[in-house]
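Convention: sequence-line order gives letters A, B, ...; per-chain numbering from 1.
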Number of protein chains: 2
Amino acid sequence: MSRASDIAYNTIREMIVSGELMPGDPLGEEALAEICGVSRTPVRDAMRRLESELLIRRSESQRSFVADWSLDDISDAFELRAMLEGLAAQRAASRISAADIRKLEAYNQRIGEANASTPADVDAFLEENRKFHTLILDVAGSARLKTLLQTLIEQPIIWRTAHHYSPHELLRSYQEHDELIAAFKRGDPAWAEAIMSGHIRRAFHAYSDAHHGLAMLDAERSKKRA
Amino acid sequence: MSRASDIAYNTIREMIVSGELMPGDPLGEEALAEICGVSRTPVRDAMRRLESELLIRRSESQRSFVADWSLDDISDAFELRAMLEGLAAQRAASRISAADIRKLEAYNQRIGEANASTPADVDAFLEENRKFHTLILDVAGSARLKTLLQTLIEQPIIWRTAHHYSPHELLRSYQEHDELIAAFKRGDPAWAEAIMSGHIRRAFHAYSDAHHGLAMLDAERSKKRA
DNA sequence: GATCGCCTTATTGTATACAAAATGGATCAG
DNA sequence: CTGATCCATTTTGTATACAATAAGGCGATC
């Protein structure tokens with residue numbers, strides 16, 4: 001993470017994910033270069049990466065903007081993620097080792113601990129949750145699947161979802177992880193696929209419930225911009 | 001396609017897809033810049049794109065090589081494509097207009113004509129086939145799904161598959177397109193999904209049958225290198 | 001003779017200067 | 001007042017020079 005292009009990537013990405021930059025905001029190379037303290041060359045590199053991850057969109061005339069996600073877009077992203085993570089779980093179920101199952105149990109234990117603190121430690125939840133899903137993706141053993149999924153799971157709106165979870169939803173997520181581990185222990189691909197797919201779809205419904213649709217989403221945007 | 005980075009992208013991509021460059025071959029920026037007649041800057045741009053499309057892989061020390069696809073990788077790519085194009089067909093079935101159905105019929109008619117000539121006009125088949133699948137993907141109306149799929153369907157090994165089709169397989173492909181159109185006319189998402197998924201899976205089996213596994217694949221590589 | 005470490009060389013990363021293209025505004029005609 | 005065209009300015013694209021880093025070979029030492 002010491003190369004200039006990595007600095008630029010992380011800096012710009014963080015500005016988008018945190019909400020410091022809002023959807024539709026223009027992104028000039030020169031300005032970003034100054035912010036990041038590097039030249040335009042690594043900034044361009046970083047922007048290409050962010051563009052391929054759909055965090056940035058480019059106009060026909062090659063100008064860049066923070067990507068704007070409609071509720072339909074978000075719904076699509078979750079649908080695809082449910083399908084692909086379901087496939088990952090299905091593949092993992094027949095390949096996973098006892099050692100990796102123990103790792104998953106350790107991650108989920110820490111998720112349970114994060115949930116138990118008051119208020120719930122959402123950052124710890126997210127970090128362990130990320131490890132949990134990443135390990136399953138690795139065990140699935142398909143570089144292509146991993147590449148496709150990583151462009152989906154790193155999206156800012158999806159990422160922020162957990163911040164809107166209720167205590168009950170956090171608990172439910174923890175329990176579903178446990179059930180997934182059970183499916184892995186049995187080596188049951190269909191079960192694992194069903195749990196994982198449902199797990200992701202539930203996350204989407206938690207998200208859309210919390211926001212009561214697009215109107216609420218726009219309200220949140222206005223508030224942050226102010 | 002007149003920008004230097006597009007020239008570089010197309011030139012390098014063509015060298016990989018055509019087999020002029022073989023899996024594992026090292027790709028130096030300087031050398032490629034000279035071949036393409038541009039400077040290293042647009043070449044680096046192009047290589048980043050090709051890397052995100054998995055045509056190029058990078059070593060831990062940032063050196064680039066032509067990606068090496070094992071039979072497992074190819075199988076994975078087809079599995080994902082079957083799933084995602086199935087989803088596209090499913091979504092398209094409940095959204096497609098009568099005008100677009102007529103377009104699909106026109107494309108498939110030209111596919112039939114390409115098959116009818118002796119020998120079969122594989123390039124025309126591929127072109128109309130591409131239009132057919134692209135239109136369905138557009139009608140599916142998910143930018144994310146389109147982005148994900150395009151990194152899969154443009155892969156060189158998948159693309160060359162049709163060159164190994166037997167006359168019977170070409171006919172079968174044409175008939176499956178017809179059945180897909182029938183599913184669209186009925187507005188039956190499940191039917192469309194099943195046909196499309198099977199259509200892609202059949203393509204994979206045609207491919208693996210033609211190559212009798214990895215040994216045949218290696219033989220072809222040696223022949224081309226000579 | 002083998003292995004370790006250094007040094008040379010090749011390759012990639014970054015910065016900067018310049019060229020091309022596009023945007024936005026000002027001016028002028030209708 | 002509206003609209004269009006042209007120009008100034010901003011923004012992106014490309015080339016090149018230089019810096020940092022990794023690879024490979026050479027020699028020294030055990």
Side-chain angles (χ1 to χ4, degrees), chain A residues 1-16 20-68 143 147 150 154 225, chain B residues 1-16 20-68 143 147 150 154 225:
Chain A
M1 156 35 172
S2 62
R3 280 176 19 261
S5 70
D6 290 329
I7 293 172
Y9 172 81
N10 287 308
T11 304
I12 299 169
R13 184 175 193 288
E14 195 53 35
M15 288 197 295
I16 296 174
E20 183 177 345
L21 289 168
M22 299 301 293
D25 282 358
L27 298 171
E29 296 175 358
E30 187 79 39
L32 291 174
E34 189 152 359
I35 291 172
C36 300
V38 299
S39 81
R40 275 179 55 213
T41 310
V43 167
R44 285 172 64 83
D45 246 38
M47 288 174 77
R48 284 282 154 68
R49 282 170 68 185
L50 292 165
E51 187 193 350
S52 81
E53 293 171 10
L54 301 181
L55 263 69
I56 286 179
R57 70 163 234 276
R58 299 179 74 127
S59 72
E60 59 213 67
S61 59
Q62 305 300 101
R63 275 168 168 70
S64 298
F65 304 86
V66 179
D68 197 358
T147 301
Q150 274 176 340
E154 295 292 333
R225 186 185 292 278
Chain B
M1 285 291 188
S2 60
R3 286 187 3 272
S5 69
D6 291 328
I7 294 172
Y9 173 80
N10 287 309
T11 304
I12 299 169
R13 185 176 192 288
E14 194 54 36
M15 288 197 297
I16 296 175
E20 186 177 342
L21 289 168
M22 299 303 292
D25 283 358
L27 298 171
E29 295 175 359
E30 187 80 40
L32 290 173
E34 189 151 1
I35 292 172
C36 299
V38 297
S39 82
R40 273 178 56 211
T41 308
V43 166
R44 284 171 65 83
D45 250 36
M47 287 174 77
R48 288 284 150 72
R49 283 170 68 186
L50 292 164
E51 186 194 352
S52 81
E53 293 171 10
L54 300 180
L55 262 69
I56 286 179
R57 72 163 233 275
R58 300 179 73 136
S59 73
E60 61 221 59
S61 60
Q62 306 301 97
R63 277 169 168 70
S64 298
F65 305 85
V66 178
D68 197 355
T147 301
Q150 274 177 342
E154 295 292 333
R225 188 186 289 278

So what does B/Leu32 touch, heavy atoms closer than 4.0 Å: a base, only the sugar-phosphate, or nothing?
nothing
Nucleotide [N], atom [atom2] - distance to [atom1] of [X] in whole Å:
| X | N | atom1 | atom2 | result |
| --- | --- | --- | --- | --- |
| B/Ile7 | D/dG13 | CD1 | P | 14 Å |
| A/Arg44 | C/dT16 | CZ | P | 16 Å |
| B/Glu30 | D/dT16 | CD | P | 10 Å |
| A/Phe65 | C/dA22 | CZ | C1' | 11 Å |
| A/Arg40 | C/dA17 | CZ | P | 12 Å |
| A/Glu60 | D/dT11 | CD | C1' | 15 Å |
| B/Glu51 | C/dG13 | CD | P | 10 Å |
| A/Arg63 | D/dT10 | CZ | C1' | 7 Å |

Salt bridge check, B/Arg13 against B/Asp6: does any charged N sit closer than 4.0 Å to a carboxylate O?
no
Could you list the residues that satisfy salt bridge (charged side-chain N to carboxylate O under 4.0 Å, His left out) with A/Arg57, not counting sequence neighbours?
none
Just N and O in the side chain of [X]: are any of them under 4.0 Å from OP1 or OP2 of [N]?
| X | N | answer |
| --- | --- | --- |
| A/Ser61 | C/dT23 | yes |
| B/Arg58 | C/dG13 | yes |
| B/Gln62 | C/dG13 | yes |
| A/Thr41 | C/dT14 | no |
| A/Ser5 | C/dT14 | yes |

Which of A/Val66, A/Ile7, A/Leu50 passes side chain to side chain contact (heavy atoms under 4.5 Å, CB included) with A/Ile12? Answer is A/Leu50
Within a 6.0 Å radius of atom CD on A/Glu34, are there more than 12 heavy atoms belonging to other residues, nucleotides or ligands?
no
Of the nucleotides C/dG13, C/dT16, D/dA15, which one has an atom closest to the side chain of A/Ser39?
C/dT16
Ignoring hydrogens, what is the shortest heavy-atom contact between A/Ala67 and A/Pro23? Give both atom names and the distance.
O-CB, 3.5 Å
